[in-house]
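Numbers here are sequence positions counted from 1.
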Amino acid sequence: DRIALLDPAGTSVTYSRLWERVDRLGRQLREAGSTHGTTVGILAPKNDGCVVSICAVLATGAAYVPVDPYMPATRACSIFADCQTRLLIVGDDLVQDLVSHLACGLETLPCSEPGLSILKCSLDTTKEPTYTEDLAVILYTSGSTGTPKGVQLTHANALAFIFWCVNTFDLSDCDVC
């Protein structure tokens, strides 16, 4: 089986192992309520578990909201609140700090990915998020005015970028991430 991911330490993950992990986490996210029209926050170190998380969220039809794990917890929480995120995938070492800043009831759910936790947030809100049905990701800007702004990207946006990368960098199925 071909290698899908290779980390700086030399550890590799094959495509078949990657999709097994994506499928397992995707089932857990679906059971927790991840579906079309919902968002899932990801606050995790940039490693294979993060890649699995992104793929699993997309596999459920939801959009993911990536947040830098080094960002202050108060700012991360304001981003998650802004886009009505009800599910969070969080690095285990970040849970405690994040939980102390979240303004919602939390339930910790089992997570198949080592080093990660799934948090289910019960938001008390009447505001329903309005996202396009093809939404893939919401990326937040640094917020030059002091308040981060979410940019909504669809699956079509993401595919256009991927096709551009493949053509520009002459990528093939032999290349490894």
Side-chain angles (χ1 to χ4, degrees), residues 1-71 76 79-80 83 85-95 98 106-121 131-140 151-177:
D1 201 13
R2 289 189 185 261
I3 295 173
L5 303 172
L6 184 63
D7 73 14
T11 307
S12 63
V13 178
T14 64
Y15 280 101
S16 62
R17 180 71 182 124
L18 174 66
W19 292 118
E20 286 171 13
R21 291 169 60 186
V22 166
D23 184 55
R24 189 176 315 117
L25 182 56
R27 281 195 308 268
Q28 291 174 319
L29 292 171
R30 272 195 266 329
E31 289 170 10
S34 182
T35 187
H36 286 286
T38 62
T39 58
V40 178
I42 299 176
L43 182 73
K46 292 171 177 62
N47 58 24
D48 58 330
C50 188
V51 173
V52 169
S53 298
I54 290 169
C55 293
V57 170
L58 292 173
T60 69
Y64 69 97
V65 182
V67 173
D68 185 341
Y70 301 107
M71 177 181 289
I79 288 172
F80 294 142
C83 58
T85 300
R86 290 180 173 90
L87 286 175
L88 305 171
I89 301 171
V90 181
D92 286 343
D93 57 333
L94 304 168
V95 170
L98 186 69
L106 282 176
E107 177 185 357
T108 303
L109 305 173
C111 184
S112 60
E113 281 299 301
L116 296 177
S117 296
I118 299 174
L119 304 178
K120 188 170 186 176
C121 205
Y131 303 120
T132 64
E133 65 183 62
D134 196 30
L135 186 65
V137 61
I138 302 174
L139 299 175
Y140 275 76
V151 177
Q152 299 179 19
L153 299 175
T154 65
H155 289 273
N157 297 136
L159 282 175
F161 177 70
I162 290 168
F163 290 140
W164 174 84
C165 287
V166 167
N167 290 328
T168 301
F169 301 110
D170 196 27
L171 301 174
S172 74
D173 62 349
C174 295
D175 292 302
V176 178
C177 296

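- You'll find the side chain of Asp7 stays beyond 4.5 Å of the side chain of Asn47, heavy atoms only.
- Using modelled atom types, one finds a donor on one side chain and an acceptor on the other under 3.5 Å when comparing Thr39 with Thr85.
- Distance check, rounded to the nearest 0.5 Å: CZ of Phe161 to CG of Leu153 gives 10.5 Å.
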One pair to check against side-chain contact (heavy atoms from CB on, under 4.5 Å): Tyr140 and Val67. What are the steps and the verdict?
CA-CA 8 Å; Tyr140 275 76; Val67 173; 6.0 Å; no
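- Nearest approach of Leu116 to Gly49, heavy atoms of both residues: CD1-O, 3.8 Å.
- Residues Thr38 and Gly33 come closest through the heavy atom pair CG2-O, 3.9 Å.
- What you find for Asp92 and Ser117 is that their closest heavy atoms are OD1-OG, 2.5 Å.
- Summarising the geometry of Gly41 relative to Phe80, their closest heavy-atom pair is CA-CE2, 3.5 Å, with the distance given to 0.1 Å.
- Here the CD1-CG distance, from Ile79 to Leu139, works out to 10.5 Å after rounding to the nearest 0.5 Å.
- Proximity of a side-chain donor or acceptor of Arg30 to a complementary backbone N or O of Gly26 within less than 3.5 Å is detected.
- Under a 3.5 Å cut-off, the side chain of Asp1 and the backbone N or O of Thr14 do not form any donor-acceptor pair.
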Test Leu25 against Cys111 for side-chain contact (heavy atoms from CB on, under 4.5 Å), laying out the working first. CA-CA 7 Å; Leu25 182 56; Cys111 184; 4.0 Å; yes
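- Side-chain atoms of Lys120 never come within 3.5 Å of backbone atoms of Leu106 as a donor-acceptor pair (strictly under, hydrogens ignored).
- Once rounded to the nearest 0.5 Å, the distance linking CE of Met71 with CG of Leu94 reads 12.0 Å.
- In this structure, the side chains of His155 and Leu58 come closer than 4.5 Å at one or more pairs of heavy atoms.
- Under 3.5 Å, the side chains of Ser53 and Glu113 contain no donor-acceptor pair of N or O atoms.
- Residues Ile118 and Leu29 meet the side-chain proximity criterion, which asks for heavy atoms closer than 4.5 Å.
- Residues Val40 and Leu88 have side chains not in contact (no heavy-atom distance under 4.5 Å, counting atoms from C-beta outward).
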Notebook entry, point to check: Between Val151 and Val137, does a side-chain contact (heavy atoms from CB on, under 4.5 Å) hold up when you go through it step by step?
Noted result: CA-CA 8 Å; Val151 177; Val137 61; over 6 Å; no
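- Counting all heavy atoms, side chain and backbone alike, Ala44 lies closest to Pro69 at O-CG, 3.5 Å.
- Between the side chain of Asn167 and the main chain of Asp170, no donor-acceptor pair closer than 3.5 Å is present.
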What verdict does the salt bridge (charged side-chain N to carboxylate O under 4.0 Å, His left out) test give for Asp48 and Arg21, after you've listed the backbone C-alpha separation in whole Å, the side-chain angles of each residue and the deciding distance to 0.1 Å? CA-CA 10 Å; Asp48 58 330; Arg21 291 169 60 186; 2.9 Å; yes
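- Gln28 contributes atom CD, which lies 12.5 Å from atom OG1 of Thr60 (distance to the nearest 0.5 angstrom).
- Between Val22 and Cys55, the closest heavy-atom pair is CG2-CB, 3.5 Å.
- Distance check: Cys121 SG to Glu107 CD gives 11.0 Å after rounding to the nearest 0.5 Å.
- For the pair Thr168 (side chain) and Trp164 (backbone), a donor-acceptor distance under 3.5 Å is present.
- One N or O on the side chain of Asn157 and one on the backbone of Thr154 form a donor-acceptor pair closer than 3.5 Å.
- Between atom OG of residue Ser34 and atom CG of residue Leu87 there is a gap of 6.0 Å, rounded to the nearest 0.5 Å.
- Side-chain atoms of Ile42 and Val65, non-hydrogen and from C-beta on, never get closer than 4.5 Å to each other.
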Checklist entry - Please walk me through it: do Arg24 and Val52 pass side-chain contact (heavy atoms from CB on, under 4.5 Å)? => result CA-CA 10 Å; Arg24 189 176 315 117; Val52 169; over 6 Å; no
